[in-house]
Amino acid sequence: MPQPILIAVAWPYAQGPRHIGHVAGFGVPADILARYHRLCGNRVLMVSGTDEHGTPITVAADREGVDPQVIVDRYSQVIAEDLRRLGLSYDCFTRTTTRLHAEVVQDLFLTLLAKGYVFRQATMGAFAASTGRTLPDRYIEGTCPHCGHRGARGDQCEACGRQLDPSDLIDPRSLIDGQPPVFRETEHFFLDLPQFAAPLRQWIEAQTHWRPNVRSFSLNLLDELRPRAYTRDIGWGVAIPLPEFAERSDKRIYVWFDAVVGYLSASVEWARAEATPEAWRDFWQNPAARHYYVMGKDNIVFHTIIWPSMLLGYGSGGEFGGGPERPALELPDDIVSSEFLTMESRKFSSSRGVGILVGDFLDRYDPDPLRYYLCAAGPESQDTDFTWAEFVRRNNDELVATWGNLVNRTCSLAQRHFGAVPALGEPQPADRSVLEAVAAGYGVVGGLIASAHLKSALGEAMALAAQVNQYLGEQEPWRVVTRDRDRAATILNVALTCVDNLKVLLAPFLPFSSEQVHRQLGHEGVLTGAPHFAEHPDGGGRSHRVLTGEYGAGVGRWTWQTLTVGQPLLAPQPLYKKLDPSVVDDELRRMGLEPA
RNA sequence: UGCGGCGUGGAGCAGUGGCAGCUCGUCGGGCUCAUAACCCGAAGGUCCCGAGUUCGAAUCUCGGCGCCGCAACCA
């Protein structure tokens, strides 16, 4: 029975183009899950968008002397285009600056307020002298009172590692304007997290399938849960939906509280665009639905503590939830959090120019080799280092040599000697053995993907490709064909059938090359539709661009494929480009590093 | 400072108590359909160091050393 699967993908921040570390953490893993579940026939809703509020956007805008809207309009386009080129099959990749999103955020805010989960309180805060806006701790620098380090940040000192309060710093100054910050009292709305401590603990303790670090880290946080400010003194963000704030432009809902609501608002947006405005409920108010949240590890707290608290508090909701007669919104089922990717041994950092932008990467290399690398050697369970040497090696020695070459040699032989899918004669034990191994791959690879063991899943699929290469080596169809044409036909039928099925097993990981194999074997249609842009209306005659797709139109299915004897084969084209080792030095120089 | 991770043959990793494995590279052989790709075989490791528990430890405990990450007002 088709199961509703919500894939909630972390929202990339629209401060600038994203680098490959970002898509390693949220994009590629999420897309593998989504594509797998669609092939299984499940109803998948993969949502996300650009996260467009918050202090860094306003800083970037001030620096350029433009309105924040200019910044987010620019980078939401750039980021969405990068994700499209990578083949990430979002059903709705939207933005947090839509009118609908603000309505949903405000509905949650008001509902939590009405239920007593949000309260107002005066608090001390740091402000930028020049703009009067909230100055986040990270934007304050000064001398550490403990060790005397001069570059300590407002939240911690990198030199001695101690946690700090910005008011502790000696000689503090703002990183934005260089001025000393102003400390004064301000009133904020707070989410009363301690009210959720008991239900959160009960829920998290039951999530024994979570990765151990996610679960223990989250349980740890519960011990010292404190109310958390829901608002900031800033003019850029979702407005506070209370009459007294209607005319005020100096206080907004905090960017993170609005960003996580995006999972819900994007689902509503998707449903409306499909002309089935209630369809989102099948994912959110349906206990049979499964919710995967995919992110980098720096986001765990927002997905295991804060967003679940908001969902628990909202319950069956206000305006969007539909009230007491509806079931409560579902909590996350799987928290798929990645570790970090470093770049040639250095931490990715947009501000320090360390990193490889997704767009730049795709200008020079194809998407599947990048997807392959990020899954096979990415930060699934521990921090990993991206190196160009390893990228070239993975591409040439694994992707090209094992899978690309298997497809190429099989198709070349079959095409040359038969021109079409040859007839299967009486199978021998070796034939049965390899067919059974590939057939078993559906269960093995699928089970690993569903439990988010993506690296192992890919490894299993590649091992099957290696096994088929081995089969060809033993059967030697190129030699057999000269003396026993029927036997050669059988061998090639078996090998082609294996390739046809491996194409499905690899499709979640390598969608572009699987489509190519599909065409090469003479099949009609596409395995899965490709993501494309569309305009969604947003009320008041406005509209915005989203990334979406008609993925259900594809013919791909996660089940055994049988080839039609006599189906014409196309002349084979190599699936992947072998990379010259010189690209390693070229890329290192491009990054300003000395080749080894 | 707290929490956590990592340290296994040249590279990247798996392996949580019982003869040390995988992919790649290297060397030798085979094959020649295939993008010098494919197949077979071999060499190569004091499993970071020290102590302990145990019949037995890469695996458990304690103590070191080294590297890395996170710490909820960066997003």
Side-chain angles (χ1 to χ4, degrees), chain A residues 10-15 22 51-57 59 123 125-126 134-140 146 153-157 160-163 165-166 175 188 193 212-213 216-218 220-221 224-226 228-229 232 254-256 259 296-302 304-306 339-340 342 345 347 350-351 376-377 379 381-385 387 389-390 393-394 396-402 404-417 455-456 459 462-463 466 468-481 488 491-492 495 572-579:
Chain A
W11 293 53
Y13 195 59
Q15 186 193 7
H22 290 119
D51 178 10
E52 307 189 357
H53 293 130
T55 304
I57 300 279
V59 172
T123 176
T134 291
L135 196 53
D137 292 356
R138 281 283 170 99
Y139 283 89
I140 303 171
H146 302 287
R153 295 285 180 90
D155 52 349
Q156 81 166 98
C157 172
C160 69
R162 264 181 262 256
Q163 282 191 68
D165 188 278
L175 286 173
H188 279 306
L193 290 171
N213 63 325
S216 52
F217 174 73
S218 303
N220 245 342
L221 294 173
E224 34 195 299
L225 220 47
R226 285 172 301 165
R228 201 182 143 113
R232 291 290 185 276
Y254 171 43
V255 57
W256 248 111
K297 66 176 166 184
D298 49 342
N299 285 342
I300 291 172
V301 66
F302 292 100
T304 64
I305 305 288
I306 293 172
E339 304 295 304
F340 281 174
T342 53
S345 301
K347 193 179 171 186
S350 311
S351 54
S381 58
Q382 59 182 293
D383 296 340
T384 56
D385 191 36
T387 64
E390 181 71 0
R393 189 192 73 70
R394 294 268 181 187
N396 290 356
D397 300 337
E398 295 184 12
L399 206 46
V400 170
T402 303
N405 183 49
L406 171 64
V407 174
N408 201 26
R409 67 195 300 212
T410 306
C411 291
S412 294
L413 275 169
Q415 222 274 335
R416 178 174 320 140
H417 294 292
K455 188 181 287 198
S456 303
M462 291 297 285
V468 180
N469 270 322
Q470 198 177 337
Y471 167 81
L472 285 175
E474 287 161 0
Q475 299 301 319
E476 302 178 308
W478 54 89
R479 186 181 284 191
V480 172
V481 74
I491 296 166
L492 288 173
Q573 297 288 324
L575 282 186
Y576 309 105
K577 299 185 192 80
K578 193 171 171 96
L579 297 174

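Quick note on labels: first sequence line is chain A, next is B, and so on, each numbered from 1.
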Can you tell me how far P in B/G41 sits from the matching atom in B/G21, rounded to whole Å?
15 Å
Which sits closer to the 5' end of RNA chain B, A/Ala377 or A/Glu474, going by the nucleotide each is nearest to?
A/Ala377
Can you tell me if A/Arg416 touches the phosphate of B/A34, counting only side-chain N or O atoms and a distance under 4.0 Å to OP1 or OP2?
yes
Between B/G69, B/C31, B/A75, spot the one nearest the side chain of A/Val255, thanks.
B/A75
Can you measure A/Phe340 atom CZ to B/A71 atom C1' for me and round it to whole angstrom units?
12 Å
With respect to the side chain of A/Asn408, which nucleotide from B/U32, B/A37, B/A34 is positioned closest?
B/A34
In this structure, how many angstroms lie between the C1' atom of B/C38 and the OH atom of A/Tyr471, rounded?
15 Å
Tell me whether the side-chain N/O atoms of A/Tyr254 come closer than 4.0 Å to OP1 or OP2 in B/A75.
yes
For B/G25 and B/G63, measure between their C1' atoms and round to the nearest Å.
38 Å
What is the separation between atom NE2 on A/His417 and atom C1' on B/C33, rounded to the nearest whole Å?
7 Å
If you only use heavy atoms from C-beta on, which nucleotide in B/U35, B/C74, B/C38 is closest to the side chain of A/Tyr139?
B/C74
What's the gap between B/U53 and B/G28 when it is taken at their P atoms, as a whole Å value?
49 Å
Assign each of A/Thr384 and A/Pro56 the nucleotide of RNA chain B bearing its closest heavy atom; nearer the 5' end lies the nucleotide of A/Thr384
Where the side chain of A/Glu390 is defined as all heavy atoms beyond and including C-beta, which of B/G12, B/C74, B/A75 is the nearest nucleotide?
B/G12
Between A/Lys578 and B/A37, is there a contact of a side-chain N or O with OP1 or OP2 at under 4.0 Å?
yes
What's the gap between B/A34 and B/G10 when it is taken at their P atoms, as a whole Å value?
37 Å
Are the side chains of A/Phe340 and A/Asp298 in contact, using a 4.5 Å heavy-atom criterion?
yes
Counting only Watson-Crick or G-U wobble pairs whose two distances fall under 3.5 Å, which nucleotide matches B/C55?
B/G18
Please state how far atom CZ in A/Arg394 lies from atom P in B/G25, giving the value in whole angstrom units.
12 Å
Quote, to the nearest angstrom, the P distance that separates B/G9 from B/U1.
30 Å
Just to be sure I understand the rule, does A/Pro574 reach a base, reach only the sugar-phosphate, or reach nothing, if contact means heavy atoms closer than 4.0 Å?
base
Which nucleotide sits closest to the side chain of A/Arg393: B/G12, B/C24, B/U32?
B/C24
When the P atoms of B/U54 and B/C13 are compared, how many Å lie between them, rounded to an integer?
36 Å
Select base, sugar-phosphate, or nothing to describe what A/Leu225 touches, counting heavy atoms under 4.0 Å on all strands.
base
Length of the line joining A/Tyr13:OH and B/C74:C1', which is rounded to integer Å
9 Å
Between C1' on B/C3 and NZ on A/Lys297, what's the gap in Å once rounded to a whole number?
12 Å
Spacing of the P atoms in B/C39 and B/U23 (rounded, Å):
10 Å
A/Asn408 vs A/Gln573 side-chain heavy atoms within contact, under 4.5 Å:
no
For the side chain of A/Gln470, starting at C-beta, report the closest nucleotide among B/U35, B/C39, B/A75.
B/C39
Touch check for A/Ala401, heavy atoms < 4.0 angstrom, all strands: base, sugar-phosphate only, or nothing?
sugar-phosphate
Who pairs with B/C70 - Watson-Crick or G-U, where each distance is under 3.5 Å
B/G2
Is there a side-chain contact between A/Gln15 and A/Pro56 (heavy atoms, below 4.5 Å)?
yes
Where the side chain of A/Asp298 is defined as all heavy atoms beyond and including C-beta, which of B/C13, B/A75, B/C38 is the nearest nucleotide?
B/A75
Please report the distance, rounded to the nearest Å, between CZ in A/Arg479 and C1' in B/C31.
7 Å
Ranking B/A37, B/U35, B/A75 by distance to the side chain of A/Asn405, first place goes to B/A37
Using atom P of each nucleotide, how far apart are B/A43 and B/C3 to the nearest Å?
46 Å
Have a look at A/Arg232 and say if it touches a base, only the backbone sugar-phosphate, or nothing, with a 4.0 Å heavy-atom cut-off.
base
From the set B/C24, B/C38, B/C74, return the single nucleotide nearest to any side-chain atom of A/Pro136.
B/C74
Measure from the side-chain heavy atoms of A/Ser412 and tell me the nearest of B/U35, B/A34, B/G12.
B/A34
With both distances under 3.5 angstrom, what nucleotide forms a Watson-Crick or G-U wobble pair with B/G41?
B/C27
Base, sugar-phosphate, or nothing for A/Glu398, non-hydrogen atoms under 4.0 angstrom?
sugar-phosphate
Reckon A/Leu575 touches a base, only the sugar-phosphate, or nothing at all at heavy-atom distances under 4.0 Å?
base
Let me know the distance between CE of A/Met462 and P of B/U23, rounded to the nearest Å.
12 Å
Is the phosphate of B/A75, meaning OP1 or OP2, less than 4.0 Å from a side-chain N or O of A/Thr55?
yes
